[in-house]
Undergrad: 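Could you have a look at this structure, given as structure tokens, before my questions?
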2 protein chains.
Amino acid sequence: MKLSATLRSRSDQALAFLRARILDGDLKPGALLAESAVAVDLGVSRVPIREALFALERDGLVEFSETGRAYVKDLSPHDFEELYVLRLTLEPVAARLAAAALREDPSALEKNIEATRRASSLIKVTHLDLDFHEIILEASGNARLLKLWRSSGHELELWLGRLHRSKQIQTHGTREETVSTHCDLLECFRTQPPPVCERKMREHILGWREWLPAGMPVAAHDGTKSTTNRR
Amino acid sequence: MKLSATLRSRSDQALAFLRARILDGDLKPGALLAESAVAVDLGVSRVPIREALFALERDGLVEFSETGRAYVKDLSPHDFEELYVLRLTLEPVAARLAAAALREDPSALEKNIEATRRASSLIKVTHLDLDFHEIILEASGNARLLKLWRSSGHELELWLGRLHRSKQIQTHGTREETVSTHCDLLECFRTQPPPVCERKMREHILGWREWLPAGMPVAAHDGTKSTTNRR
DNA sequence: TGAAACAAAACGGTATACCGTCTCAAGAAC
DNA sequence: GTTCTTGAGACGGTATACCGTTTTGTTTCA
């Protein structure tokens with residue numbers, strides 16, 4: 001194994017490497033990440049590996065046993081539901097907080113949509129979709145909100161990646177649908193007051209669950225009971 | 001310095017020790033936490049100290065400079081506003097999700113209120129107040145929501161502790177007010193549907209800002225602009 | 001055949017050591 | 001007096017080593 005030299009410290013390099021391996025599905029759920037073994041693989045000592053593993057635990061990609069061993073996280077449908085609820089909670093609030101700033105300067109969103117129109121592959125569309133949401137979280141001016149959103153993003157990416165590889169779902173709509181719904185949101189930010197933007201974002205996220213596989217448990221947004229989506 | 005032996009690892013002991021020192025105000029905002037110095041103080045090597053510092057960063061009690069030095073966090077009013085928004089976002093959702101479970105078994109909340117009635121000091125009332133909210137977060141069944149709430153709690157405790165020591169505020173109402181509002185919430189969980197519980201919890205948290213010092217910036221819950229409370 | 005006991009290997013927690021970088025203060029140049 | 005230079009100490013990043021515990025595979029006994 002060879003570590004990229006673009007990142008400062010070896011911990012960061014190990015972190016990036018392991019994160020990519022886990023998200024790519026190269027490291028299977030439940031796999032033991034023994035410090036010594038990984039250290040030998042990557043040609044570094046155990047110290048940077050330890051730190052990378054702790055960081056991965058923070059991101060939810062790794063979990064520790066009681067005896068301190070690190071394993072690749074095995075996410076359940078319930079985990080996904082928790083993550084979905086989290087997004088459904090955070091993003092509308094972020095949209096409300098970001099509304100004023102985005103109304104004043106919607107250029108970042110416009111550029112993103114333009115890039116999505118020109119994107120050469122579906123995977124790029126997916127990344128630009130994520131970026132679109134991140135722009136809103138950043139514009140909210142609440143760094144903690146953004147931090148929490150990002151950390152949940154790693155787990156979500158892990159979950160969606162696994163579903164995608166097992167061919168159970170398409171994890172998103174087409175380019176046209178993405179562009180269309182994002183244009184809707186942009187128009188909302190441009191013309192509507194914050195509380196309307198909040199509602200719009202909630203609807204946007206609720207609409208996203210239509211892309212999940214049939215039978216995937218998702219929380220009902222009225223909070224009464226869990227249900228399953230219709231597809 | 002002597003570390004308590006009740007915790008497993010030296011990292012945990014160092015973490016508990018440093019966290020207590022920071023929250024007590026013994027370590028001032030901006031103070032450098034040099035690994036070697038702390039290690040010597042606590043009679044351990046640098047390794048457990050490093051891990052404790054990383055954990056403290058995760059909790060928001062410590063921040064790292066670009067060169068990797070750890071400093072005790074210096075919270076600004078803007079930081080407090082971010083934390084307040086976070087709670088205002090998370091807790092009502094937790095209340096909605098927890099409503100069904102708490103309706104079925106409100107005993108934990110009842111016991112907490114009873115203990116609050118009997119509490120011998122105001123500091124105990126404060127802790128029981130926190131516990132009351134934590135019970136709701138736990139009952140939400142969303143472990144991630146709980147985790148985020150707890151992590152924001154450390155920062156909030158830090159902020160309130162500093163205000164309290166500088167005599168700028170009383171950080172809470174009286175025992176009677178606490179018991180009274182909590183009884184209100186309990187009654188709501190017992191008799192009202194989840195969305196009503198959600199609204200009730202939002203009001204409860206909005207009411208809490210009345211206890212902040214005059215001029216403390218808090219986010220308006222309509223999301224339009226920041227404002228200041230009236231006291 | 002299956003369970004219990006045991007031994008060897010694996011693994012994590014921690015201490016120590018080395019090295020490069022950063023910091024900061026004392027001194028030099030202007 | 002102010003700014004620039006410089007060198008010693010401080011500090012963090014990482015490697016290596018030691019030790020106790022956990023894990024695992026094998027053997028032994030019922």
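The basis for the numbers below is simple: all heavy atoms, side chains too, and nothing from hydrogens, waters or symmetry mates. Reminder, nothing fancy here: chain letters follow the sequence lines and each chain counts from 1.
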Undergrad: Looking at B/D26, is its backbone amide N or carbonyl O close enough to the side chain of B/D24 to form a donor-acceptor pair, meaning the two atoms are under 3.5 Å apart?
TA: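 Not confirmed, B/D24 side chain does not pair with B/D26 backbone.
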
Undergrad: Please enumerate all residues that pass side-chain contact (heavy atoms from CB on, under 4.5 Å) together with B/A98, with sequence neighbours excluded.
TA: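 If we apply the side-chain contact (heavy atoms from CB on, under 4.5 Å) test to B/A98, skipping adjacent residues, the hits are B/L102, B/I136, B/A139, B/S140.
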
Undergrad: Between B/E35 and B/R50, is there a donor-acceptor pair closer than 3.5 Å when you use the side chain of the first and the backbone of the second?
TA: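 Between the backbone of B/R50 and the side chain of B/E35 there is no qualifying donor-acceptor contact (under 3.5 Å).
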
Undergrad: Select base, sugar-phosphate, or nothing to describe what A/R69 touches, counting heavy atoms under 4.0 Å on all strands.
TA: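 Here A/R69 touches the backbone only, sparing every base.
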
Undergrad: For DNA chain C, determine which residues of residues 49-67 of chain B have any heavy atom closer than 4.0 angstrom to one of its atoms, and list them numerically.
TA: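 Contacts with DNA chain C under 4.0 Å: B/T67.
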
Undergrad: Going 5' to 3' along DNA chain D, which are the first and last nucleotides with any atom under 4.0 Å from a heavy atom of chain B?
TA: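 Counting from the 5' end, contacts occupy D/dC11 to D/dT14.
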
Undergrad: Considering non-hydrogen atoms only, spot the tightest contact between A/E155 and A/G60 and give its length.
TA: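 In this case the closest contact between A/E155 and A/G60 is CG-O, 3.5 Å.
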
Undergrad: Going by the ring pair (Phe, Tyr, Trp, His ring centres under 6.0 Å) test, which pairs reach into residues 38-64 of chain B, not counting sequence neighbours?
TA: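 Listed once each, the pairs are B/F54-B/F64.
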
Undergrad: Which is more 5' along DNA chain D, the nucleotide nearest B/G68 or the one nearest A/V47? Just name the residue.
TA: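 It is B/G68 whose nearest nucleotide is closer to the 5' end.
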
Undergrad: Do NZ/NE/NH1/NH2 and the carboxylate oxygens of A/D59 and A/R150 come within less than 4.0 Å?
TA: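 No salt bridge links A/D59 with A/R150.
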
Undergrad: Where do B/H182 and B/F132 land on the side chain to side chain contact (heavy atoms under 4.5 Å, CB included) test, with the steps shown first?
TA: CA-CA 8 Å; B/H182 284 184; B/F132 185 89; 3.4 Å; yes

Undergrad: Would you mind telling me which residue lines up with the more 5' stretch of DNA chain D, A/R46 or B/S36, judged by nearest nucleotide?
TA: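 Looking at the nearest nucleotide for each, B/S36 comes out on the 5' side.
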
Undergrad: Can you name the ring pair (Phe, Tyr, Trp, His ring centres under 6.0 Å) partners of B/H154, sequence neighbours left out?
TA: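 Scan of B/H154 (ring pair (Phe, Tyr, Trp, His ring centres under 6.0 Å), adjacent residues dropped) gives none.
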
Undergrad: Are B/R87 and B/L83 close enough that some pair of their side-chain heavy atoms sits under 4.5 Å apart?
TA: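 Contact flag for B/R87/B/L83 side chains = no.
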
Undergrad: Under 3.5 Å, which N/O atoms of the protein pair with N/O atoms of nucleotides 19-21 of chain C?
TA:
none

Undergrad: Side-chain contact test, heavy atoms from C-beta onward, threshold under 4.5 Å: evaluate it for B/L86 versus A/V93 and give yes or no.
TA: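 A side-chain contact under 4.5 Å is absent here.
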
